[in-house]
**Student:** 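Next up is a structure, given as structure tokens.
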Protein chains: 2
Amino acid sequence: MKKPKTQRHVGDDGEGSARESILKAAEAVFAENGFDGASLRQVAARADVPVALVSYHFQGKLGLYREVFRARNPSTGAQRSAGLALARMEDDPDRRLEMILKAVLIPMLSLRNVEGNQYGVLLAREANDPKNRERGIIEEIFDPVATATIGLLRTTLAGRSEAQIVWAFQMVIGTMLYLMADSGRSVHLSDGACDPTDVDATIRAILPLFISGIRGG
Amino acid sequence: MKKPKTQRHVGDDGEGSARESILKAAEAVFAENGFDGASLRQVAARADVPVALVSYHFQGKLGLYREVFRARNPSTGAQRSAGLALARMEDDPDRRLEMILKAVLIPMLSLRNVEGNQYGVLLAREANDPKNRERGIIEEIFDPVATATIGLLRTTLAGRSEAQIVWAFQMVIGTMLYLMADSGRSVHLSDGACDPTDVDATIRAILPLFISGIRGG
DNA sequence: TTATTTATTGATCAAGTGATCAATTTTATA
DNA sequence: TATAAAATTGATCACTTGATCAATAAATAA
């Protein structure tokens, strides 16, 4: 008696195609263990797929890693760009600054709330890895939005030096990444009062810090 | 003819004892590759000792990793505590806030300038690793200073909620870690205008952002 | 000195790694 | 249908990993 060798993922709307299953599993495994800590066998097991299929679809570990970002980024990037476009049309400089910050922050901080989505954690991990320059993923993904954001910030901060503007931007991004990294430290230090999972409350708390900081500095 | 089997590191002031050589090498290798990306053989090669000696002195990879932090932290931790003690004696709330922030930030941001010192990069890496809770290193190292800092912040921010104070603290720490992580992004985005290696300039740039943010928010 | 503890060394182990292959099955195309 | 292309599978490759061992050398204590 033969084992039933049906292709498990084709037409199976519940879990999607094998390719999709692998991508989804890879995102979680990479987020939890980092690039080096993750193994293709972990990914394959989670996707319920033989190991060889992973390399077949993504040409190796690094290819899979890159593809996780390429698959997730368009959505987030589009949200941020759309928000920046709205901000660009706002005439009042103060309101424009607020809209810029919201456009940049909200799509990222919201990532954790999407069911089973670990892309935010993965992104924060990659951004804080000194080796990210070798991979070029961060540049590919963040540079367009970053330069657009800095350019837009410039219009609300007339008279500031380029360095001042970038420092302000880095403060925003650094804080954002730290909250995305899910170190659990905010909850720990505040005895539960600060919960980065609550995006609305987080924005309400940190936006005033940023705005006063940037305006006052 | 036998090979001369002298113990290479004993009494050798140039490179210190074998234990010290291993620790120094481990700091660099872990900083460059992360915990999972680093191998004991890389560490041993860099320290110019046989692999077995590493496990002998530090009881395995995790033990070595922990010891790197335990060895470096006392110095940095003492600097920060001393700065906080000075801040505590300052009566003027505004000046006290500035002293608190400097006490917390300067010892950390200065780490990169110490010759061949990669402890800052390593620390930032660990702090952004979601798995750091399993290891408990961050709590062991940061919690004392963190609670002291938050307690002191409270005295300069009368009327603020506990959450507000911790959010402000997290903004400072998140930005600090991002600048420590050596992603090279500040230099990249500012075309060289922002250089986290220049501690004085960095402090001059970001301290006003923090102070205005915290006071205004 | 001798005895004892501590360091150092090279070798080896089982387990896991990413990658690759030929064989098979499924899907798409003609 | 028949044929080609794409997808899936299990097996195997050479290699690296962390850990451990007994043997040796060195430092210390008696």
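Convention: sequence-line order gives letters A, B, ...; per-chain numbering from 1.
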**Student:** If you assign each of A:Tyr56 and A:Gly37 to its closest nucleotide in DNA chain C, which residue comes earlier from the 5' end?
**Tutor:**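 Looking at DNA chain C, the more 5' nearest nucleotide goes with A:Gly37.
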
**Student:** Could you check how far CG of B:Asp36 sits from C1' of C:dG18, rounded to whole Å?
**Tutor:**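 That distance rounds to 16 Å.
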
**Student:** Grab the CD-C1' distance between B:Gln59 and D:dT20 for me, whole Å please.
**Tutor:**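 The answer, rounded to whole Å, is 13 Å.
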
**Student:** Choose from C:dA19, D:dA19, C:dT8 the nucleotide whose nearest atom is closest to any side-chain atom of A:Lys61.
**Tutor:**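 Nearest to the side-chain atoms of A:Lys61, counting from C-beta on, is C:dA19.
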
**Student:** Looking only at the aromatic ring of each residue, does the gap between the centers of B:Tyr178 and A:Tyr178 stay below 6.0 angstrom?
**Tutor:**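 No, they do not, as the ring centres are separated by 6.0 Å or more.
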
**Student:** Of A:Arg46, A:Arg125, A:Arg70, A:Arg72, which is the lone residue that meets salt bridge (charged side-chain N to carboxylate O under 4.0 Å, His left out) with A:Glu27?
**Tutor:**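 Among the candidates, only A:Arg72 passes.
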
**Student:** With hydrogens left out and only the distance checked, is there a donor-acceptor pair under 3.5 Å joining A:Arg41's side chain and the base of C:dG18?
**Tutor:**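 Looking at the base of C:dG18, it does pair with a donor or acceptor on the side chain of A:Arg41 (distance under 3.5 Å).
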
**Student:** Let me spell it out: for each of A:Gly60 and B:His57, pick the nucleotide of DNA chain C with the closest heavy atom. Which residue's pick is nearer the 5' end?
**Tutor:**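 Per heavy-atom nearest nucleotide, the more 5' residue is B:His57.
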
**Student:** Counting only heavy atoms not in A:Lys24, do more than 12 fall under 6.0 Å of its NZ?
**Tutor:**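 It does not: A:Lys24 NZ has 12 such atoms or fewer within range.
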
**Student:** Establish, with yes or no, whether the OP1 or OP2 oxygen of C:dG16 is under 4.0 angstrom from a side-chain nitrogen or oxygen of A:Ser39.
**Tutor:**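 It does not, given that no N or O in the side chain of A:Ser39 lies less than 4.0 Å from OP1 or OP2 of C:dG16.
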
**Student:** What is the distance, rounded to the nearest whole Å, between atom CZ of B:Arg19 and atom C1' of C:dA7?
**Tutor:**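 Rounded to the whole Å, the gap is 13 Å.
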
**Student:** Atom CG of A:Leu40 to atom P of C:dA19: distance rounded to whole Å?
**Tutor:**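 Those two atoms, CG and P, are 6 Å apart.
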
**Student:** Take atom CZ of A:Phe58 and atom C1' of C:dA19, then tell me their distance rounded to the nearest Å.
**Tutor:**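 Rounded to whole Å, this separation is 16 Å.
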
**Student:** Is it true that a side-chain atom of A:Asn117 and a backbone atom of A:Arg112 form a donor plus acceptor pair closer than 3.5 Å?
**Tutor:**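 No: the side chain of A:Asn117 does not pair with the backbone of A:Arg112.
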
**Student:** Please check: side-chain N/O of A:Lys131 versus main-chain N/O of A:Glu126, any donor-acceptor pairing under 3.5 Å?
**Tutor:**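 No, because the side chain of A:Lys131 does not come within donor-acceptor range (under 3.5 Å) of the backbone of A:Glu126.
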
**Student:** For A:Ala38, report the nucleic acid contact type (base, sugar-phosphate, nothing); a contact means any heavy atom under 4.0 Å.
**Tutor:**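 Contact class for A:Ala38: sugar-phosphate only.
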
**Student:** Starting at CG of B:Leu53 and ending at C1' of C:dA11, how long is that distance when rounded to a whole Å?
**Tutor:**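 From B:Leu53 CG to C:dA11 C1': 15 Å.
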
**Student:** To the nearest Å, give me how far apart CD (B:Glu20) and C1' (C:dA7) are.
**Tutor:**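 Result: 15 Å.
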
**Student:** Tell me: CG of B:Asn33 to P of D:dT17, nearest whole Å?
**Tutor:**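 Between P of D:dT17 and CG of B:Asn33: 10 Å.
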
